[in-house]
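Okay, structure first, notes after.
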Amino acid sequence: MPKKTFSYAIYEALKQEMVRDPTVIIMGEDVGRFGGCFGVTRDLWKIFGEERVRDTPISESAFIGGGAGAAASGLRPVVELMFVDFFGVAMDQIYNQAAKLRYMSGGQCKFPMVLRTTIGGGFRAAAQHSQVLYALFAHVPGIKVVVPSTPYDAKGLLITAIRDDDFVMYFEHKKLYPIEGEVPDEPYTIPFGVADVKREGDDVTVVAMAYMVHEAMKAADELAKEGISVEIVDPRTLAPLDTDTIVKSVEKTGRLVVVDEDYIYFGATGEIITRVVERGVALKAPPKRVATPRVPIPFSPTLEDEILPNKDKIKKAIKETMK
Amino acid sequence: MTEVVVKEKKITPEEIPKEKLLWMYKTMLRIRRYEEKTAELFAAGELPGFIHLYIGEEAIAAGIMAALRPEDKITSTHRGHGHMIAKGGSMAKMMAENMGKVTGICKGKGGSMHIADFSIGELGANGIIGAGWPLGTGAALASKLLGLGYVVVCIAGDGAAEQGTFHEAVNLASIWKLPVVYFIEDNEYGMGMPSWPKPGDPRKSKNIKNLGDRGIAYGIPGVTIDGNDPIAVYEAVKAAVERARIEGIPSIIHALTCRQRGHFEGDPQLYRPKEDVEACKKRDPIPRFRKLLIEKGIATEEELKKIEEEVEKEVAEAIEFGRKSPFPDPKEAYTDIYASEPFPEV
């Protein structure tokens, strides 16, 4: 199978869906001639023209709300929000409009819109360009939340998202863009709400998302040498969340560590642990969570490295459950 | 910039087909009677939630819709009953909706502030001020890219014209040449805050009075008109819709009207001078238009009385329909969230 980067896998999904369905359009800041802030949309404007790959002014409310209005009127817009941190200027269009208009109208309309956005720290970009925040959106009814971690998942989940008749938010961790993996050339879909066991193991279940899957894999490799067998479950979508696969894993291992680059409180870590506890799974040790503390992401490398989750913090948490 | 410069209309009533003029009159009256009954029903406890009435502003809805084709679309506001009625929505289904009944146009899930009927191009009232500007702009983008030929009229109040979404949407539509009209209903108040100073109240929510002048800022036509004259509204919208449909030029229309009642039903209007309410009632568009129809010999008393009787009957039937309808099954709360239902977790 050919190897492609995470970034190319997303590009390929966009291109193939735009070929398949002429109602698919792309909108966002510098998605055209610039090729996307992170180079994901590349030459799509050349292939499909500037009517379908639309550079927007810096007006997130207008083009996200416009995407919702267009989606309700027959288009399938894939809208790009350059950094998730920018959602604040357009949150109403996301959580009160795109997410709720279907329900409020008694199901009269549908919103086949994908809102792609980037997440994640480690770039010394400080507090307004480094956040993760997907839990905020998974909290609101009417939004599907997709968090891919590999090039294979990125392509399949994005194609599913574009074909889905509901409003989907698709989160791309910036550190994943150069990561390579096997990706089929042909289009394929991955259903929402189906977690993937990225690594099988017997002693501890680690649930991780996005870039943290890779940090968890590194931790598991090192711990294997110490005789600790780690299973890594990647939910791939937070809304819906595949509780069954997580519970099944924890029933086998009896131990749970949830790793999340999002802020620790009132987020995915708490939700996932709750789902397991609610099912009455017998735990051999208290569950642990490794996540970003309640601190704005700092600029200086020493400060940022202090607060972000990483392999070593994951290893420490896993070992604590093994005591 | 602080003087009101209302664009005088050029069209005369005689240039408009009689049927259209009578349709406008009937539409205004249908809205008025619906809203009056709504006030009664709300006071009697038959309508849950918040109710914002359109009384005094009917000439706008009637004038706009008289200029639209059936396939054209609108976005509406929390004060949107009039838009729905004029666009061709079912009064009975709206009454049922506002009563929270399952036969309501939104199955009882939206209510007065979120009333919508996509089948007639009413893309939704909105509980968020100014939210409709981007949504309607997107619907206009779909019309352009899919070659559907419809125009979108985004209707919202003067308060909504203070939101950032107004600037973003108008700017976007003007550079993308979208078939859209931004219609500002200036009813002189954003809740309790006056658009412009009132006797004894120096507050104002904007620094220019003629919002039609904003068109200059976006390089598009803009006009301020008398919103209590359905013919003036019709003329302005007709011109704007033609420009939008044929040339892809958006417009701003700023219509001066006034709100005869409080922001919502139950609002004692302590912020508002009593004489302001009285002055507004004197500007009532319905008796004014009725008088014009009679004086110009366009309609006879008998014709108008017949219309008035028809309207009374329709409103009574709508209330009857709503009252007889059942509430939704509680389990209906869990449906219509996603198109791809069943969603695995609600």
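If you're wondering where the values come from, they're calculated on a predicted model, not measured in any experiment. Naming convention: chains lettered A, B, ... in sequence-line order (proteins, then strands); numbering from 1 in each chain.
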Under 3.5 Å, is there a donor-acceptor pair between the side chain of Thr41(A) and the main chain of Val31(A)?
yes
Using atom types as modelled and distance alone, determine if a side-chain donor or acceptor of Lys109(B) lies under 3.5 Å from a backbone N or O of Thr335(B).
yes
May I ask you to list the residues in [range] that approach chain A closer than 4.5 angstrom, counting heavy atoms only, ordered by number?
{"range": "residues 98-108 of chain B", "answer": "Ile105(B), Cys106(B), Lys107(B)"}
{"range": "residues 166-176 of chain B", "answer": "Glu168(B), Ala169(B), Asn171(B), Leu172(B), Ile175(B), Trp176(B)"}
{"range": "residues 137-158 of chain B", "answer": "Gly138(B), Ala139(B), Leu141(B), Ala142(B), Lys144(B), Leu145(B), Leu146(B), Leu148(B), Tyr150(B)"}
{"range": "residues 114-126 of chain B", "answer": "His114(B), Ala116(B), Asp117(B), Phe118(B), Ser119(B), Asn126(B)"}

Measure the acute angle between the ring planes of Phe87(A) and Phe137(A), then classify it against the limits of 30° and 60° as parallel, tilted or perpendicular.
perpendicular
Phe50(B) vs His52(B) aromatic rings, parallel, tilted or perpendicular, using cut-offs 30° and 60°?
perpendicular
Check whether the side chains of Ser251(B) and Arg243(B) place a donor and an acceptor atom closer than 3.5 Å, and report yes or no.
yes
Could you verify whether a donor N or O on one side chain and an acceptor N or O on the other, from Ser61(A) and Gln93(A), lie under 3.5 Å apart?
no
Flag the pair [X] and [Y] as a salt bridge only when some basic side-chain nitrogen lies within less than 4.0 angstrom of an acidic carboxylate oxygen.
{"X": "Asp196(A)", "Y": "Lys198(A)", "value": "yes"}
{"X": "Lys248(A)", "Y": "Asp242(A)", "value": "no"}
{"X": "Lys110(A)", "Y": "Asp166(A)", "value": "no"}
{"X": "Arg76(A)", "Y": "Glu17(A)", "value": "no"}
{"X": "Arg163(A)", "Y": "Asp21(A)", "value": "no"}
{"X": "Glu185(B)", "Y": "Arg79(B)", "value": "no"}
{"X": "Arg275(A)", "Y": "Glu278(A)", "value": "no"}

How long is the gap from CG on Asp92(A) to CD1 on Ile128(B), to the nearest 0.5 Å?
5.0 Å
About how many Å separate OH of Tyr95(A) and NE2 of His139(A), when rounded to the nearest 0.5 Å?
10.5 Å
Validation row, ring centre Tyr54(B) to ring centre His81(B) under 6.0 Å
no
Under 6.0 Å between ring centres: does that hold for His78(B) and Phe264(B)?
no
Based on non-hydrogen pairs under 4.5 Å, which of Gly107(A), Ala99(A), Ala98(A) is most in contact with chain B?
Gly107(A)
Check the pair Lys144(A), Ser340(B) against side-chain hydrogen bond (donor to acceptor under 3.5 Å, both in side chains), reporting the backbone distance first and the verdict last.
CA-CA 11 Å; Lys144(A) 294 179 178 176; Ser340(B) 55; 2.4 Å; yes
By a 4.5 Å heavy-atom criterion (distance strictly below it), what part of [X] contacts chain B: side chain, backbone, both, or neither?
{"X": "Leu241(A)", "answer": "both"}
{"X": "Gln97(A)", "answer": "side chain"}
{"X": "Asn96(A)", "answer": "side chain"}

